[in-house]
Amino acid sequence: MERYNPQEIEKKWQQIWEKDQTFRAAPEGKDLPKNKKTPKVFLAEMFPYPSGAGLHVGHVRNFTIVDVLTRFYTQQQTNVLRPFGYDTFGLPAENYAIKTGISPQSATETNIHNFRKQLKRLGYAIDWSREINTSNPDYYRWTQWCFLQLYKKGLAYRKESYQWWCPVDQTVLANEQVENGHCWRCGTEVEKKKMKQWFFKITDYADELLADIDQLDWPDKIKTMQRNWIGRSEGAEIDFEVVDSKDFIKVFTTRPDTIFGATFLVLAPEHPLVSKLVNDDTKQKVDQYRTETLKKSEIERQENKEKTGVFTGSYAINPGTGEKIPIWVSDYVLMGYGEGAIMAVPAHDERDFEFANKFDLPVKQVIEKPEGSTDSDECYHGEGELINSGHFNGTRTEDAREQIVAWLHEQGIGEQKVTYRMRDWLISRQRYWGCPIPIAYDEDGNEYPIPEDQLPVIIPEVEDYKPDNTGRSALAKATDWLTFEMEVEDKKTGKKVKKTLTRETDTLDGYACSSWYLWRYVSPHDDKSAWNQEAISYWAPTDIYVGADHAVAHLLYIRFWCKFFADQGLLPFREPVKTLLYNGYINAPDGKKMSKSKGNVIDPLDVIDQGYGADTLRTYEMFIGPYDMDAAWDPKSVGGVYRFLNRCWNLCFGEERNAPSRKISDATRSVTASDTPVTTGVARGVSEKEALRLRHTTIKRVTDDIHRHNFNTAVSAMMEYVNELYKTGAEKEDLVTLAKLLKPFAPHLACEMLEKLDSDDVWPVWDEKYLVADTVELVVQVNGKLRAKITVSVDDLEDQEKIEKLALAEKNVQAFTKDGIKKVIYVKKAKLLNLVA
RNA sequence: GCCCGAGUGGCGGAAUUGGUAUACGCGUUCGACUUAAAAUCGAAUGGAAUCUUCCAUAUGGGUUCAAGUCCCAUCUCGGGCACCA
């Protein structure tokens, strides 16, 4: 008998798939073979950054989930689109270029080549005719086009502001890319730097992005994170008049009901009015405070939570009480949120209370603390009845919120307001290896978008990839590229004139490139549009999207672009991803994160080359545990999965004279020793009905498990099937069924089996009538405790009286029901009888 | 601090709506084959007691005929947010 040799059969089938282009999707459902049904499924993994290190086991888990589903739906005769691409812009390639002088273009090409080779060795059912690469000019041409659409609608704009700056990577970062005050890439502590930067106005869609979360079939974890990130607060905007001035200070508060308790105002250090509020006595101190705060890193601000601040010397009028209250400056108020100014109500807000304590400012209770509240006496932040609040005394705080805003509104100094924690998306990057922003400037700094027919703005080759010392990327060194002549409309005269312009040297955040790639997949070679309308309405939105990262950033941006392009009439849907699967990480055997420095990295290609093969690797990673949980690599368990596949092989390829087939004679058949393959132990024979039941139960279990994404238990079910077949012997139909069920997980082995069995791969369907056994084991409990198991025929399940009689005939049941039976509970569905004694 | 998850054998983990806890795999032990080992095949494997019972799903309560599953409290671990007014 031939032995299971993964090396040989995997190579064989990979060559066949390559030659036949097996996994090409039928374009827009056209040219579909007649036997193919019409439904489509569009699946994708989050495309990888092709690093020089090649695939790691985490990729394999992610891609195999998509592959199992791809093959499963394909076998179910669905028209499936499963493309692949590479997210190739980014710092690693650029840093590598700075170090070695090898261009990012060429390093990327090498890495993609390597990735593609490795992906093919894993036997993935990828439609290779749709491979995309974000740094290919044919692709980024359309990224630039997307930018221009946003620009035309005023959703891409430039503004000067303080931004997170990573001093090591020499670039600004989006809020989403700063983790605990550190750069998400290199871990360096970030700084604030004032710069003129490009933004996308994602905040225009804040409301819809929040509201539509409810309808997403996404993990709750991600949905909650997105809700928190958007951070909607309802409240009011209130104007406070500055004493002896015509200025008003706008504040945002979620608690307008506490306005009578506002005993001072606090402005953020960056607030534009601060310089007008100071006087000769306070100016120096305030200026000093402002400079110090700006220098302070975010880490320092977090570590030192003790309140700091200075008095401006000015006062405002509390519109509730009419009293004069002091205006302070403190860094606990953030310029980027609300109005950058607050009314401080120390009696009912812990932060304000702390500040008031430190600087000896008045504290005024305006809510009566209800009895039994565990809050401190001095600072109660719950609901209650208003006191010291003029004619609002006695009103419940919940009601007062609206009433007080209405009252302020009548006076023209207050209104309802919704504020979001989310800020606009900062997209400028001072880097070379990114998508150039298609904008140029004249000598006065006026912006000119590059016309769409002149795209792409190609990334020029340079000698030296280091950013220059002015904070500009290496693009600034490509002088031939940097300045050019273009016919533009003169801003004053409106006439067409030729002008010498300077290109923008910032490139787009890589997340911009990945915000639309799912739509490029539907028509990757279209040179007339970013995506073809007919193709997009057939394939998109993406039905199942699988990844393990980017809970807010990428998954929020892609939703934003989807809504924007839907508004432009370019997409016929408003959410890009129907179902999101968020898979867990694979850790080293010691449970720690795999990392090169710890030397605990498992290389998937090593696992294949050790002799296990791709099928074992794939099946193991599906068997390792629930797909959405982190898991630790266990080399011993890999061996267990290999043994399982070996047993599948042996069932099918056992020598002819020893083939594991049962004699089909009558209801109960036995297999004689000479019929039994050496490798499969002693077959003990089984009735035809039991054999059918086993087969159909397994089909149901595996099918349901894949639908529920319980890949680990799907593999278990197949293992049980094989174990059973080893005992009972297998008919050809069992082997065909096994091979079909196995194909999504171990496609090479399954194809080899199907070829030998001369079968197609159409996904099997179970028949309910075969799921029922002749006899079932019925559980007899007394007071909920298992006391006996009786075997009864299925027909008898209908006859409760008979069942009770049978149960009471059991010695053990009698022993526990000596004092009589008070109540009988019979659950037919659970095959359970509970006697209450 | 606030908001989510999760705690089941020696280990990874099963248990679809409350209904036989511990499927499947690893490990361990025994047996078969073998001169021997590996591989393979078969059997056993929660703990105690010993022939049929008791105790076990982080801990303590509760609801129920029946709880890993539902409710309350506590502990531990993981994740997210973190001066967002």
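Note: hydrogens, waters and symmetry copies are ignored here, and every other heavy atom, side chains too, is used. Labels below follow one simple rule: chain letters A, B, ... track the order of the sequence lines, proteins then strands, and each chain is numbered from 1.
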Kindly say if [X] contacts the phosphate of [N], meaning a side-chain N or O under 4.0 Å from OP1 or OP2.
X	N	answer
A:Tyr332	B:rA85	no
A:Lys785	B:rA21	no
A:Ser233	B:rA85	yes

Polar-atom pairs under 3.5 Å, protein N or O versus N or O of nucleotides 79-81 of chain B: list them with distances, or write none.
from   : atom 1 : to       : atom 2 : distance (Å)
B:rC81 : O3'    : A:Arg421 : NH1    : 3.0

Using a cut-off of 4.0 Å on non-hydrogen atoms, how would the nucleic acid contact of [X] be classed: base, sugar-phosphate, or nothing?
X	value
A:Gln781	base
A:Leu778	nothing
A:Lys831	nothing
A:Asn712	sugar-phosphate
A:Val827	base
A:Arg787	sugar-phosphate
A:Lys789	base
A:Tyr585	nothing

Could you pull out every donor-acceptor pair under 3.5 Å between side chains of residues 633-646 of chain A and any protein atom, sequence neighbours left out?
from     : atom 1 : to       : atom 2 : distance (Å)
A:Asp634 : OD1    : A:Lys636 : N      : 3.1
A:Asp634 : OD2    : A:Ser637 : OG     : 2.9

Could you check which of [options] has an atom nearest any side-chain atom of [X]?
X	options	result
A:Phe816	B:rA15, B:rU53, B:rC65	B:rU53
A:Lys307	B:rU20, B:rC83, B:rA15	B:rC83
A:Leu334	B:rU20, B:rA85, B:rA14	B:rA85

Under the criterion salt bridge (Lys or Arg N to Asp or Glu O under 4.0 Å), I'd like the reasoning laid out for A:Arg401 against A:Glu383: C-alpha separation, chi angles, the key distance, then a yes or no.
CA-CA 11 Å; A:Arg401 286 210 256 285; A:Glu383 309 289 351; 2.8 Å; yes

When you compare [N] with [M], how far apart are their [atom1] atoms, in angstrom units rounded to a whole number?
N	M	atom1	result
B:rA44	B:rG9	C1'	15 Å
B:rG27	B:rU35	C1'	29 Å
B:rC70	B:rU17	P	10 Å
B:rC65	B:rU59	C1'	26 Å
B:rC71	B:rG10	C1'	34 Å
B:rA32	B:rA38	C1'	15 Å
B:rU40	B:rU34	C1'	12 Å
B:rG1	B:rA49	P	45 Å

A:Arg701 meets the side chain to side chain donor-acceptor pair (under 3.5 Å) criterion, sequence neighbours left out, with A:Glu720

Quick one: [X] [atom1] to [N] [atom2], roughly how many Å, whole number?
X	N	atom1	atom2	value
A:His381	B:rG1	NE2	P	13 Å
A:Glu234	B:rA85	CD	P	12 Å
A:Asp630	B:rG7	CG	C1'	15 Å
A:Asp628	B:rG13	CG	C1'	13 Å
A:Asp349	B:rG1	CG	C1'	14 Å
A:Lys829	B:rU17	NZ	C1'	6 Å
A:Asn710	B:rU16	CG	C1'	9 Å
A:Leu267	B:rC83	CG	C1'	16 Å

By side chain to side chain contact (heavy atoms under 4.5 Å, CB included), which residues pair with A:Lys417, not counting sequence neighbours?
A:Glu237, A:Phe252, A:Glu339, A:Thr419

Sidechain N-carboxylate O distance under 4.0 Å for A:Asp331, A:Lys307
no

Given A:Arg787, which of A:Asn812, A:Leu835, A:Val779, A:Asn834 fulfils the side chain to side chain contact (heavy atoms under 4.5 Å, CB included) condition?
A:Asn812

Let me know, please, whether A:Asn646 or A:Tyr420 comes out on the 5' side of the other along RNA chain B by nearest nucleotide.
A:Asn646

Of A:Leu786 and A:Asn834, the one whose nearest nucleotide on RNA chain B sits closer to the 5' end is A:Leu786

Can you check whether A:Trp328 and A:Phe355 have ring centres sitting under 6.0 Å from each other?
yes

Verify the ring-centre separation between A:Phe240 and A:Phe248: is it less than 6.0 angstrom?
no

Considering only nitrogen or oxygen atoms on both sides, find all protein atoms under 3.5 Å from nucleotides 25-29 of chain B and state each distance.
from   : atom 1 : to       : atom 2 : distance (Å)
B:rG25 : OP1    : A:Asn723 : ND2    : 3.0
B:rC26 : OP1    : A:Arg643 : NE     : 3.1
B:rC26 : OP1    : A:Arg643 : NH2    : 3.1

I want to check something: taking the side chain as every heavy atom from C-beta on, are A:Thr619 and A:Phe711 in contact at a cut-off of under 4.5 Å?
no

Cation-pi between A:Lys593 and A:Tyr585: NZ/CZ under 6.0 Å from ring centre and within 45° of the ring axis?
yes

A:Tyr726 six-ring face occupied by A:Arg647 cation (under 6.0 Å, within 45°)
yes

Using the ring of each side chain (for Trp, its six-membered ring), is A:Trp649 parallel, tilted or perpendicular to A:Phe653, with breaks at 30° and 60°?
parallel

How far apart are the C-alpha atoms of A:Asn587 and A:Lys592, what are their side-chain angles, what is the distance that settles it, and do they pass the side chain to side chain contact (heavy atoms under 4.5 Å, CB included) test?
CA-CA 6 Å; A:Asn587 293 323; A:Lys592 296 196 178 98; over 6 Å; no

Anti or syn - B:rG9, cut at 90° from 0
syn

Inspect the surroundings of NZ in A:Lys831 and state if more than 12 heavy atoms from other residues, nucleotides or ligands are less than 6.0 Å away.
no

Distance in Å, A:Thr312 OG1 paired with A:Ile327 CD1, rounded so as to fall on 0.5 Å steps
5.0 Å

Defining pairs by Watson-Crick or G-U wobble geometry with both distances under 3.5 Å, how would you list the stems of RNA chain B with at least three pairs each?
B:1-7 with B:75-81, B:10-12 with B:24-26, B:27-32 with B:40-45, B:46-48 with B:53-55, B:58-62 with B:70-74

